[in-house]
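These notes are about the structure you will find just below.
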2 protein chains.
Amino acid sequence: MQRMTRQRAAVGELLADTDDFRSAQQLHEMLREAGHSVGLATVYRTMQTLAENGDVDVLRNAEGESLYRRCRKQVHHHHLVCRDCGRTVELDAAIVEHWAAEVGQAHGFVDVEHTAELFGTCAQCARRGSHDA
Amino acid sequence: MQRMTRQRAAVGELLADTDDFRSAQQLHEMLREAGHSVGLATVYRTMQTLAENGDVDVLRNAEGESLYRRCRKQVHHHHLVCRDCGRTVELDAAIVEHWAAEVGQAHGFVDVEHTAELFGTCAQCARRGSHDA
DNA sequence: ATGTGCATGGGAACCATTCTCACTTGCGGT
DNA sequence: ACCGCAAGTGAGAATGGTTCCCATGCACAT
Ligand SMILES: [Mn+2]
Ligand SMILES: [Mn+2]
Ligand SMILES: [Zn+2]
Ligand SMILES: [Zn+2]
């Protein structure tokens, strides 16, 4: 019931080549530049489906936009993301997992989920940024 | 240069009485019900200013809406929030602070900020929820 | 090759938030 | 108390990311 279409193939190929977090609109533009023709609505739909299936990770930047990325790890993890270029480091954070579970239980909450993301400026962007100014 | 207006007084009073995270629209409605007349745009502006001054904390729920709350602690902290009723527990998380700082430095990132929020269903809402269904 | 129903895409709709701008008002100065 | 004016307000328009609609396209089982 899940069909392989030209559009989905193009998105999949793009995600394989990209290891920074990107917005749906950025992905759409990248597809256009690569010569593929894929509707914006289709990009949104595709990313949503991939996210639901756990095939991509989603996070929201400070502006509230959703950013997507195909991660190496399939299991739950967190990220350190460059707010300038999207460069991403995948993180294990057993400490954070324990903390979240303990705190939730201690206060009688159930179905506890957590978000924990780090945003910074990567070394390369920091170097580039110090040139001007 | 910061003037005390009827509207800001009303918002301040409301925030003092509320200790759950609330959206600007919810606050606007609560003001209306309390008999105050405050424009929605003013609520947004006021919350934005309060947030910039660190007088309220802001976080985004799963739907991407901004939620506001006047916290007891003035210093940096995190939250455990009921996704149904907004009930909130303020959290110290020295472990998370250390983790964030270490990880950022280890990967050469600078100006590292972090988000870490827990969302769950509070005991009361869990009890209420189990009645129906 | 054909049929069926999932997939696509362009534009409209949605919705939280911000902007605009004419009007109001707090408040320092007199 | 009275002025003057910059800060504040609010109703509606604009914004912008995302979702919805629906006529058309196309993957794929038979
Ligand atoms: Mn985790
Ligand atoms: Mn922290
Ligand atoms: Zn970078
Ligand atoms: Zn609750």
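Chain letters run A, B, ... following the sequence lines, proteins first and then strands; every chain starts at 1.
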Assuming nearest nucleotide by heavy-atom distance, tell me which of A:T42 and B:Y68 is located more 5' along DNA chain C.
A:T42

With no angle test and no hydrogens, is the base of D:dA6 tied to the side chain of B:R3 by a donor-acceptor pair under 3.5 Å?
yes

Min side-chain heavy-atom separation A:F109-B:L118 under 4.5 Å:
no

Would you compute the distance between atom CG of B:L40 and atom CG of B:L27 and round it to the nearest 0.5 angstrom?
10.0 Å

Taking for A:T5 and for A:Q25 the nucleotide of DNA chain D with the nearest heavy atom, the one nearer the 5' end belongs to A:Q25

Contact class for B:Q48 (heavy atom, under 4.0 Å): base, sugar-phosphate, or nothing?
sugar-phosphate

Take the protein atom NE2 of B:H36 and the nucleotide atom P of D:dG10, then report the distance between them rounded to whole Å.
12 Å

Would you indicate what B:T46 reaches in the nucleic acid, counting non-hydrogen atoms under 4.0 angstrom: base, sugar-phosphate, or nothing?
nothing

Presence of B:S66 side-chain N/O under 4.0 Å of C:dT17 phosphate oxygens OP1/OP2:
yes

For the side chain of B:R69 and the backbone of B:D19, is there at least one donor-acceptor N/O pair under 3.5 Å apart?
yes

Spacing between B:R22 atom CZ and C:dT17 atom P, to the nearest angstrom
15 Å

Check whether any side-chain N or O of B:R70 sits under 3.5 Å from a backbone N or O of B:L15 as a donor-acceptor pair, and report yes or no.
no

Figure out the CD/C1' separation between B:E63 and C:dT17, and round it to whole Å.
16 Å

B:R8 side chain N/O closer than 4.0 Å to the phosphate oxygens (OP1, OP2) of D:dG8?
yes

A:M4 atom CE is separated from D:dG25 atom C1', nearest whole Å, by 17 Å

Rounded to whole Å, how long is the line connecting atom CG of B:N61 with atom P of C:dC15?
15 Å

Over all strands shown, is B:R45 touching base, sugar-phosphate only, or nothing at heavy-atom distances under 4.0 angstrom?
base

Checking side-chain contact (heavy atoms from CB on, under 4.5 Å) for the pair B:E117/A:H114: CA distance, chi angles, key distance, verdict?
CA-CA 6 Å; B:E117 308 292 345; A:H114 62 271; over 6 Å; no

Verify the contact: side-chain N or O of A:R6 to OP1 or OP2 of C:dG9, cut-off strictly under 4.0 Å; return yes or no.
yes

Rounded to whole Å, the OH-C1' distance (B:Y44 to D:dA14) equals 15 Å

Name the nucleic acid region contacted by B:Q2, choosing base, sugar-phosphate or nothing; use a 4.0 angstrom heavy-atom cut-off, strictly under.
sugar-phosphate

Check the distance between D:dT19's P and A:E52's CD and give it to me in whole angstrom.
10 Å

Which residues pass the salt bridge (charged side-chain N to carboxylate O under 4.0 Å, His left out) test with B:R8, not counting sequence neighbours?
none

Side-chain donor-acceptor contact under 3.5 Å, A:H78 with A:E90:
no

For the pair made of CE in A:M47 and P in C:dT8, what is the distance, rounded to whole Å?
13 Å

Looking for any heavy atom pair under 4.0 Å, which part of the strands does B:S23 touch: base, sugar-phosphate only, or nothing?
nothing

Taking only the side-chain nitrogens and oxygens of A:Q7, find out if one of them lies under 4.0 Å from OP1 or OP2 of C:dA7.
no

Five-pair end axes of the helix from C:dA1-D:dT30 to C:dT30-D:dA1 and the angle they enclose, rounded to 10°
40°

I'd like to know if the side chain of A:H77 reaches the main chain of A:V75, judged simply by a donor and an acceptor atom lying under 3.5 Å from each other, with no hydrogens or angles considered.
yes

